[in-house]
Asker: 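Once you've had a glance at the structure underneath, I'll fire off some questions.
Chain letters run A, B, ... following the sequence lines, proteins first and then strands; every chain starts at 1.
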Amino acid sequence: MSTNETQLPANFIRQIIADDRASNKHNGKVATRFPPEPNGYLHIGHAKSICLNFGTALENNGTCNLRFDDTNPEKESVEFMESIQRDVQWLGFTWDALYHASDYFEQLYEYAIQLIEQGQAYVDSLSAEQIRTYRGTLTEPGKESPDRNRSIAENLELFKRMRAGEFADGEYVLRAKIDMTSPNINMRDPAIYRIRRVHHHRTGEAWCIYPMYDYTHCISDAIEGITHSLCTLEFEDHRPLYDWVLEQLQTPCHPQQIEFARLQLEYTIVSKRKLNQLVTENHVSGWDDPRMPTLAGLRRAGFTPKAIRDFCERIGMTKQNSWIEMGVLEYCIREDLNENALRAMAVLQPLRVIITNYPDNQIESLEISNHPQRPELGKRIVPFAKVILIEQDDFAEIPPKKYKRLILGGEVRLRGSYVIKCNEVIKDAEGNISELHCTYDLDTLGKNPEGRKVRGVIHWVSEQHAHAAEVRLYSRLFSVPQPDNEANFLNALSRDSLEVLADCRVEASLSNANIDHRYQFERTGYFCLDAIDSINGKLVFNRTVTLRDGWVKD
RNA sequence: UGGGUCGUCGCCAAGCGGUAAGGCACGGGGUUUUGAUCUCCGCAUACCAAGGUUCGAAUCCUUGCGACCCAGCCA
């Protein structure tokens with residue numbers, strides 16, 4: 001992957017790291033980590049963090065670990081762990097080491113013993129509800145638990161018995177002893193261990209107490225020798241706690257937590273809980289539904305890793321809460337696909353055209369370039385015959401202003417082929433157009449007709465040579481820019497985010513379409529084969545994104 | 001009305017006391033056998049507001065205003 005052939009844009013994190021390296025902080029080393037909780041699929045918001053963490057390591061000749069933050073077994077699973085690894089690799093990154101917070105359970109436990117011995121943690125018997133009331137509010141200080149001054153010996157004893165499974169879930173909790181009057185609520189004696197008798201997907205039944213995020217994360221970072229612990233803004237208030245734990249424990253390494261704004265993309269949601277709800281309530285076909293902002297969904301829709309990486313770079317890195325317009329993501333994918341997608345012709349809503357002056361059984365093999373700007377991508381053979389299919393939209397009996405397609409008595413260029421003229425419109429009993437009778441100009445193959453200008457160019461396929469295909473036209477899942485702000489985000493779901501065209505006709509060369517290839521169906525958009533439903537020779541194409549359309553209809 | 005953070009073009013975003021980069025979007029011209037691509041041009045006398053310091057302020061100071069986050073035994 002090329003990360004530095006061009007000048008990378010400045011941002012505050014790059015600046016901090018450049019300064020740290022200049023001052024030889026951490027001996028000039030840079031070590032980051034991407035720490036997802038395996039409780040859902042990765043989405044476009046994670047991509048920002050992945051690119052940041054892995055990108056930072058790459059740019060600074062450092063390392064980046066993948067670490068699963070698996071401290072809450074109730075919500076986590078192996079399926080999610082596997083999908084996360086798949087998606088990180090697909091995005092184009094390789095981790096230096098793969099760890100799990102659960103790898104550190106024993107060390108975390110020992111550190112907790114140390115905190116207790118130092119008089120900085122205690123076992124509390126208050127219930128969850130009591131702890132909440134004791135915590136105080138945003139404007140009033142909390143008050144101390146009656147258990148706060150339990151003796152060290154008793155705390156040690158109780159904590160060991162917690163681990164031994166002698167108590168019921170919720171009966172006790174281990175808390176850090178910090179300051180119940182702190183204006184920062186996170187410092188009001190936060191819980192650091194809770195009793196939870198649940199099966200853990202990696203440690204099985206070995207533990208019935210599990211450490212909490214704030215306590216686990218900083219120690220895990222320290223154990224791995226992370227230098228810069230990059231996380232999102234909502235953890236800003238947790239930084240004092242992150243630092244407190246590491247200071248008490250005198251860990252050999254004290255990473256610097258730096259917070260950045262999480263990605264907010266218009267017309268999508270990136271709340272794992274809500275994405276989960278879309279899946280479980282069948283509003284979409286799964287985590288990999290092409291309308292989902294998950295990496296699995298984007299992949300199935302035809303997005304490329306390169307486009308997503310480019311997007312993550314373009315949106316910048318700051319501490320400002322901001323909303324990125326869909327146009328930016330669309331630009332990134334179009335830019336990549338315009339350069340790399342093979343061109344092909346597909347007629348989504350066919351209209352039959354008979355070329356009356358074309359010899360009945362003649363077939364011509366036309367050679368058409370796979371890419372107008374890149375001849376090295378080769379050419380393909382496209383058969384031409386007397387009966388062809390064009391897009392219904394490309395003919396109009398009553399054309400709008402500035403219409404440059406086919407009209408009765410008018411001419412149009414068939415892409416890579418001849419100029420035809422429409423002489424007659426045939427209608428069925430209901431008055432619907434059933435076919436067009438046209439004539440072709442033999443002298444227009446590969447050259448412009450003399451004495452007149454043909455403005456329009458339309459795509460086509462030969463009826464007898466074309467293959468049937470299903471084409472799925474996806475568009476944004478939500479109808480409002482910020483569905484999260486709705487009382488119920490489900491009400492913002494757009495009803496027509498998927499249009500299935502079951503009976504399209506694609507040019508013959510597409511019969512051996514490859515799952516790894518992207519295609520531009522000329523004049524309609526970028527498409528790729530659906531990885532799941534294109535089986536047994538059935539062709540199912542997903543629309544990744546439309547082509548830009550500069551036609552201002554008035 | 002506690003604590004933390006943030007206010008630069010429609011949307012992002014550089015800028016670090018020397019006189020407002022860039023991208024997306026948008027508008028206009030050119031090329032084009034994709035109404036695509038490509039290309040050229042345009043697009044903040046102004047940086048949340050008001051004071052102040054300075055020869056000089058988006059940058060420093062003061063006071064306001066606005067937005068976001070925090071009261072899980074979630075991460």
Asker: In Watson-Crick or G-U wobble terms, both distances under 3.5 Å, what is the partner of B:rA13?
Answerer: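 Per the H-bond distance test, none.
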Asker: Among A:Lys421, A:Arg413, A:Arg452, which residue satisfies the salt bridge (Lys or Arg N to Asp or Glu O under 4.0 Å) criterion with A:Asp441?
Answerer: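 Among the candidates, only A:Arg452 passes.
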Asker: Under 4.0 Å between any heavy atoms, over every strand shown, what does A:Ile195 touch: base, sugar-phosphate, or nothing? Just pick one.
Answerer: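 Nothing, no nucleic acid heavy atom in range.
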Asker: Syn or anti for B:rG72, please, going by whether the chi angle lies within 90° of 0.
Answerer: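 In terms of base orientation relative to the sugar, B:rG72 is syn.
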Asker: Can A:Lys306 and A:Asp310 be counted as an ion pair, charged N to O under 4.0 angstrom?
Answerer: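 Between A:Asp310 and A:Lys306 there is no salt bridge, as every charged N stays at least 4.0 Å from the carboxylate O atoms.
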Asker: Show the numbers, then the answer: is there a side chain to side chain contact (heavy atoms under 4.5 Å, CB included) between A:Asn321 and A:Gln264?
Answerer: CA-CA 8 Å; A:Asn321 269 107; A:Gln264 301 183 98; 3.7 Å; yes
Asker: Using the side-chain heavy atoms of A:Arg314, tell me which of these nucleotides is nearest: B:rC24, B:rC74, B:rA71.
Answerer: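 Nucleotide nearest to A:Arg314's side chain: B:rC24.
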Asker: Taking the side chain of A:Gln320 as its heavy atoms from C-beta onward, which of B:rC69, B:rC6, B:rC11 lies nearest to it?
Answerer: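 Looking only at heavy atoms from C-beta outward on A:Gln320, the closest nucleotide is B:rC6.
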Asker: Of the listed nucleotides (B:rG35, B:rC73, B:rC69), which one gets closest to any side-chain atom of A:Asp237?
Answerer: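 When the side chain of A:Asp237 is considered, B:rC69 is the closest of B:rG35, B:rC73, B:rC69.
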Asker: When the C1' atoms of B:rA57 and B:rG10 are considered, how many whole Å apart are they?
Answerer: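 The answer is 27 Å between these two C1' atoms.
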Asker: Could you tell me how the ring of A:Tyr440 sits relative to the ring of A:Phe384: parallel (under 30°), tilted (30 to 60°) or perpendicular (over 60°)?
Answerer: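 Rings of A:Tyr440 and A:Phe384: tilted, as their planes differ by 30° to 60°.
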Asker: With heavy atoms under 4.0 Å as the rule, sort A:Lys404 into base, sugar-phosphate or nothing.
Answerer: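 Here A:Lys404 touches the bases of the nucleic acid.
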Asker: For B:rU31 and B:rC40, measure between their P atoms and round to the nearest Å.
Answerer: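 My reading of the P atoms in B:rU31 and B:rC40 gives 15 Å.
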Asker: Ignoring hydrogens, what is the shortest heavy-atom contact between A:Val123 and A:Phe159? Give both atom names and the distance.
Answerer: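 Nearest heavy atoms, A:Val123 then A:Phe159: CG2-N, 3.9 Å.
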Asker: Using heavy-atom distances to pick each residue's nearest nucleotide on RNA chain B, tell me which of A:Thr71 and A:Gly446 is more 5'.
Answerer: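 It is A:Gly446 whose nearest nucleotide is closer to the 5' end.
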Asker: Need one value for A:Tyr403: base, sugar-phosphate or nothing, where a base atom within 4.0 Å counts as base even if backbone is also close, heavy atoms only.
Answerer: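 If one applies the 4.0 Å heavy-atom cut-off, A:Tyr403 turns out to touch a base.
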Asker: Would you say whether A:Trp551 stacks on B:rG35? The test is a distance between ring centres of less than 5.5 Å and an angle between planes of less than 30°.
Answerer: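 Here A:Trp551 meets both the 5.5 Å and the 30° conditions.
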Asker: Counting Watson-Crick and G-U wobble pairs only, both distances under 3.5 Å, name the nucleotide matched with B:rU34, or none.
Answerer: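 Across any shown strand, B:rU34 pairs with none.
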Asker: Distance check, C1' atoms only: B:rA49 and B:rG42, in whole angstrom units.
Answerer: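 That atom pair is separated by 31 Å.
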Asker: If each of A:Tyr193 and A:Thr444 is mapped to the nucleotide of RNA chain B with the nearest heavy atom, which maps nearer the 5' terminus, i.e. the 5' end?
Answerer: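 The residue mapped nearer the 5' terminus is A:Thr444.
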Asker: Suppose you measure atom C1' in B:rA14 against the same atom in B:rA21; what distance do you get, rounded to whole Å?
Answerer: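 It works out to 6 Å between them.
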Asker: Considering only the P atoms, how many Å lie between B:rU62 and B:rA20, rounded to the nearest integer?
Answerer: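 Each nucleotide's P atom is 27 Å from the other's.
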Asker: Could you check which of B:rC69, B:rU37, B:rU34 has an atom nearest any side-chain atom of A:Glu234?
Answerer: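 Among the listed nucleotides, the one closest to the side chain of A:Glu234 is B:rC69.
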Asker: C1' atom, B:rG4 versus B:rC9: distance in rounded Å?
Answerer: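 That atom pair is separated by 29 Å.
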Asker: Pick the P atom in B:rA58 and in B:rG51, then give their distance to the nearest Å.
Answerer: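 Going atom to atom, P in each nucleotide, I get 14 Å.
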Asker: Rounded to whole angstrom, note down the P distance from B:rA75 over to B:rG7.
Answerer: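 After rounding to an integer number of Å, I get 31 Å for this pair.
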